[in-house]
Protein chains: 2
Amino acid sequence: MNRFTIICITACRVNPDSLRGIVKHRTTIRELAEYTGLSPAAVSYALRGKQVSAATERRVREAAEKLGYEADPIARALAGGATAVVGLLVGSLADFWTQELVRAVQRELYGAELSALVADADGEPARELELAQRLVDQRVDGLVVVPIGPASGGWASIARQLPVVTIGDELPGVAPAGEVVFDNELGVEQALQHLSGLGHRRITVLSWAVETSPERDAERAAALSAAALGLDCRVVPCAYSLNGSQPLAAELLDDPGRPTAVLCLSDSIAYGVYAACAELGLSIPGDVAVAGFGDHPISRLLAPPLTSTVWDVEQAAECATSFLSQAIAADGPQATLREVVAPVLAVRASTGPPTPRRG
Amino acid sequence: MNRFTIICITACRVNPDSLRGIVKHRTTIRELAEYTGLSPAAVSYALRGKQVSAATERRVREAAEKLGYEADPIARALAGGATAVVGLLVGSLADFWTQELVRAVQRELYGAELSALVADADGEPARELELAQRLVDQRVDGLVVVPIGPASGGWASIARQLPVVTIGDELPGVAPAGEVVFDNELGVEQALQHLSGLGHRRITVLSWAVETSPERDAERAAALSAAALGLDCRVVPCAYSLNGSQPLAAELLDDPGRPTAVLCLSDSIAYGVYAACAELGLSIPGDVAVAGFGDHPISRLLAPPLTSTVWDVEQAAECATSFLSQAIAADGPQATLREVVAPVLAVRASTGPPTPRRG
DNA sequence: GATCGGTTGTGAACCGGTTCAGTGAACCGG
DNA sequence: CCGGTTCACTGAACCGGTTCACAACCGATC
């Protein structure tokens with residue numbers, strides 16, 4: 001059998017202009033240098049307003065405008081510059097409040113001309129540090145963390161490499177660039193006082209299943225015991241989502257000796273309690289009073305509307321972004337910026353006085 | 001006044017090993033080359049299993065393992081390789097269903113060892129393309145888009161540069177790498193049939209305020225008119241969020257000639273209607289029946305539980321990620337992968353027969 | 001034994017910025 | 001007029017990979 005080899009040589013002289021729009025060519029700094037008659041180094045400096053005369057800077061800027069030059073973020077990152085990307089690491093994206101926080105942070109970052117590389121530990125504390133390292137490898141300029149894991153040495157090492165801002169819980173011993181702290185201690189105290197005031201004595205706290213450091217654990221225990229004067233109060237760790245809390249709540253409430261009130265440290269958890277109550281035919285707040293934490297926009301639409309502790313996500317996001325921007329601009333270790341967000345208890349119909357049990 | 005100049009010279013001989021853990025040093029490909037006695041090029045090839053003998057490949061892999069070598073994603077990206085980052089561009093992160101989708105996509109991407117650069121157009125269609133371009137500039141390997149804007153020429157150009165997968169609406173004329181399509185036409189038809197079957201005649205559809213292309217607009221109009229046989233059906237565009245829909249719904253319902261049923265093309269919109277009803281003292285479904293779209297996990301917890309059209313976010317996310325992975329691996333234009341997700345109407349207590357009006 | 005084709009591996013250029021050391025020119029006080 | 005600064009800019013190295021063109025080597029074929 002014969003084999004034919006067909007050779008086809010086409011001489012092709014393409015006018016570069018005709019490629020515009022088909023293959024996009026980014027203007028490089030060297031082209032800009034040639035155009036302005038300067039060296040690439042001078043252009044690089046000029047664009048960042050350093051070490052050049054005002055006249056040159058203006059000339060370069062005009063040329064950049066004209067040629068539509070924009071620095072390649074990847075090349076800039078490799079050379080050690082900023083990427084304008086920050087990492088946003090959350091403990092559990094399944095939690096509705098966290099979702100709202102992500103939205104708010106995204107909006108703020110857009111205003112600050114930053115992009116976000118979002119990572120979700122999906123409720124597994126062990127995954128947190130690995131994801132953080134991955135973000136660092138991507139050369140993010142900074143990190144916003146909503147921690148659920150313990151504050152290990154790995155965090156300290158990361159915080160030394162780039163600015164880290166925490167939202168919600170702290171990472172003790174890490175010395176981040178900024179902290180937006182929720183005063184959980186006070187929040188829990190207020191909520192328990194409210195329930196206690198209504199006459200509840202047997203209360204269960206559904207806490208998030210966070211692998212806290214000893215200090216934070218102690219903090220929380222202290223808050224609980226302090227506020228719990230005279231209260232029969234149990235703390236149960238719980239998955240940070242609706243699907244996680246529903247079965248746990250069902251088990252907890254399907255018992256004549258059930259608590260008269262449940263305080264959930266996240267609205268997502270409270271939603272699971274609602275679902276469990278519906279399943280068991282228990283009425284809220286008649287059979288069991290329920291309070292949440294975070295105050296998701298939907299909570300006031302539930303039946304009954306959910307009593308919840310308001311944590312302002314907009315404020316938290318604004319602070320965190322501002323802290324991070326400052327730390328990135330400062331470009332060196334500074335004192336930790338800190339903002340404590342005060343809890344406000346929004347009392348709604350899901351909490352009322354306990355009804356006396358027959359038996 | 002005297003000036004003292006203090007010169008302090010400290011001869012400092014640092015053992016490189018002692019710096020470990022203080023400043024993290026990434027092993028580079030050249031170090032790995034030196035260690036194995038090969039050239040950097042050979043190592044690069046070996047790590048990607050190309051053009052090298054099996055023995056060499058094994059040797060390099062072992063050395064990489066031993067030295068803890070991991071390729072720098074930034075350098076790789078600059079050299080034209082893959083970044084293992086994909087862009088996730090959503091029309092409105094304020095929409096709860098979109099939030100769920102983002103969560104699901106994140107989880108899938110984690111499984112595929114990809115990271116996500118998330119961008120939110122925040123309900124503004126004009127912002128969509130700009131954000132997409134920004135993601136392309138960041139050298140993402142691909143793009144997952146939940147579009148709200150029109151399919152302009154800009155999209156076609158982007159789809160030619162990298163794989164694009166759409167979820168939900170399509171971008172006609174763009175030829176993306178993959179499409180996960182929601183059959184909105186059928187979904188709307190089913191919902192309207194349900195309402196019609198209950199006896200509703202005057203129905204308002206609160207649609208998302210999407211700047212659709214003519215084709216999609218026509219599609220939707222066709223679906224509506226086809227299903228709306230005998231129905232007095234009005235379509236009103238609405239912001240894609242609770243806060244956006246509540247005032248609109250309040251205005252719409254504060255009118256004796258109000259519709260007997262409202263079909264919302266997103267659960268977020270329906271939540272706004274619930275809020276408006278609470279405000280106006282209208283009962284659901286007695287005074288007005290309400291149906292949603294998307295079936296957010298919370299919807300079944302509302303009072304009354306919301307009738308909604310189920311769009312499975314897990315399935316959509318899985319498909320989209322799979323399509324994108326395939327397209328990235330194929331590394332060249334392929335036929336568009338396509339999956340149509342069928343709507344399933346979950347009937348709950350928020351829809352019932354209309355009550356006759358007095359007057 | 002010369003030629004050929006295929007496999008492995010190398011050297012160097014390249015991606016597109018940043019930055020350091022160095023050079024000339026202008027400037028200044030003595 | 002001279003030594004010392006400061007200013008504005010340049011050349012070249014560098015970040016850490018990828019890839020192209022080519023060389024060395026091998027066995028098989030004519």
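None of the values given here were measured: they were computed from a predicted structure.
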* With heavy atoms under 4.0 Å as the rule, sort A:A71 into base, sugar-phosphate or nothing. => sugar-phosphate
* Structure fact -> Looking only at C:dG11, D:dT19, D:dG17, the nucleotide nearest the B:R48 side chain is D:dT19
* State whether the distance check finds a donor on one side and an acceptor on the other, under 3.5 Å, for side chain A:R26 versus base C:dG16. => no
* Quickly work out the A:L78 CG to D:dC14 C1' distance and round it to whole Å. => 9 Å
* **Stepwise side chain to side chain contact (heavy atoms under 4.5 Å, CB included) test for A:L135 and A:L143** => CA-CA 8 Å; A:L135 291 171; A:L143 223 45; 3.7 Å; yes
* Assess whether one donor atom and one acceptor atom, taken from the side chain of A:Y45 and the base of D:dC7, lie less than 3.5 Å apart. => no
* Structure fact -> Rounded to whole Å, the CZ-C1' distance (B:R139 to D:dT18) equals 13 Å
* Would you call A:R139 and B:D72 a salt bridge, using N to O less than 4.0 angstrom? -> yes
* Paired with D:dA23: which nucleotide, if any, by Watson-Crick or G-U wobble criteria at under 3.5 Å for both distances? -> C:dT8
* Residue whose nearest DNA chain C nucleotide is more 5′ - A:G80 or A:A75 -> A:A75
* Structure fact -> Value for CG (B:D169) from CD1 (B:I148), rounded to nearest 0.5 Å, stands at 10.0 Å
* Asked: Considering Watson-Crick and G-U wobble pairs with both distances under 3.5 Å, what does D:dC14 pair with?
  -> C:dG17
* To the nearest Å, give me how far apart CG (A:D72) and P (C:dT18) are. => 10 Å
* To do: Whole angstrom is fine here: how far is it from CG in B:D137 over to C1' in C:dC15?
  => 15 Å
* Counting only side-chain N and O atoms of B:S44, is one of them less than 4.0 Å from OP1 or OP2 of D:dT18? -> yes
* Structure fact -> Across every strand shown, the nucleotide meeting Watson-Crick or G-U wobble geometry with D:dC9 (both distances under 3.5 Å) is C:dG22
* Asked: If you take atom types as modelled and just measure distance, does the side chain of B:R76 reach the base of D:dG16 with a donor-acceptor pair under 3.5 Å?
  -> no
* Contact under 4.0 Å: A:T56 side-chain N or O vs D:dC9 OP1/OP2 -> yes
* To do: Give the rounded distance in Å between these two atoms: CD of B:E34 and P of C:dT10.
  => 14 Å
* Structure fact -> Of B:Q51 and B:E70, the one whose closest nucleotide on DNA chain D sits nearer the 5' end is B:E70
* Separation of atom CD1 in A:I74 from atom C1' in D:dG16, rounded to whole Å -> 13 Å
* To do: Kindly confirm or rule out a cation-pi arrangement of A:R127 over B:Y110, judged by NZ or CZ under 6.0 Å from the six-membered ring centre and within 45° of its axis?
  => yes
* **Interatomic distance where OH belongs to B:Y69 and P belongs to D:dG16 [whole Å]** => 10 Å
* To do: Remember a base hit wins even if backbone is also touched, and classify B:T27 as base, sugar-phosphate or nothing at under 4.0 Å, heavy atoms.
  => sugar-phosphate
* Just do the side chain to side chain contact (heavy atoms under 4.5 Å, CB included) check on B:R338 and B:E170 with the steps written out, would you? => CA-CA 11 Å; B:R338 193 181 158 91; B:E170 297 165 77; 3.1 Å; yes
* To do: Check every atom of C:dG11, D:dG16, D:dC9 against the side chain of B:S39 and return the nucleotide holding the closest atom.
  => C:dG11
* To do: Any chance you could measure B:L89, atom CG, to B:I167, atom CD1, to the nearest 0.5 Å?
  => 11.0 Å
* Asked: Can you tell me how far C1' of D:dC9 sits from CD of A:E57, to the nearest Å?
  -> 14 Å
* Closer than 4.0 Å, any side-chain N/O of B:S53 to the OP1 or OP2 of C:dT8? -> no
* **A:R30, nearest nucleotide to its side chain (from C:dG11, D:dC9, C:dG16)** => C:dG16
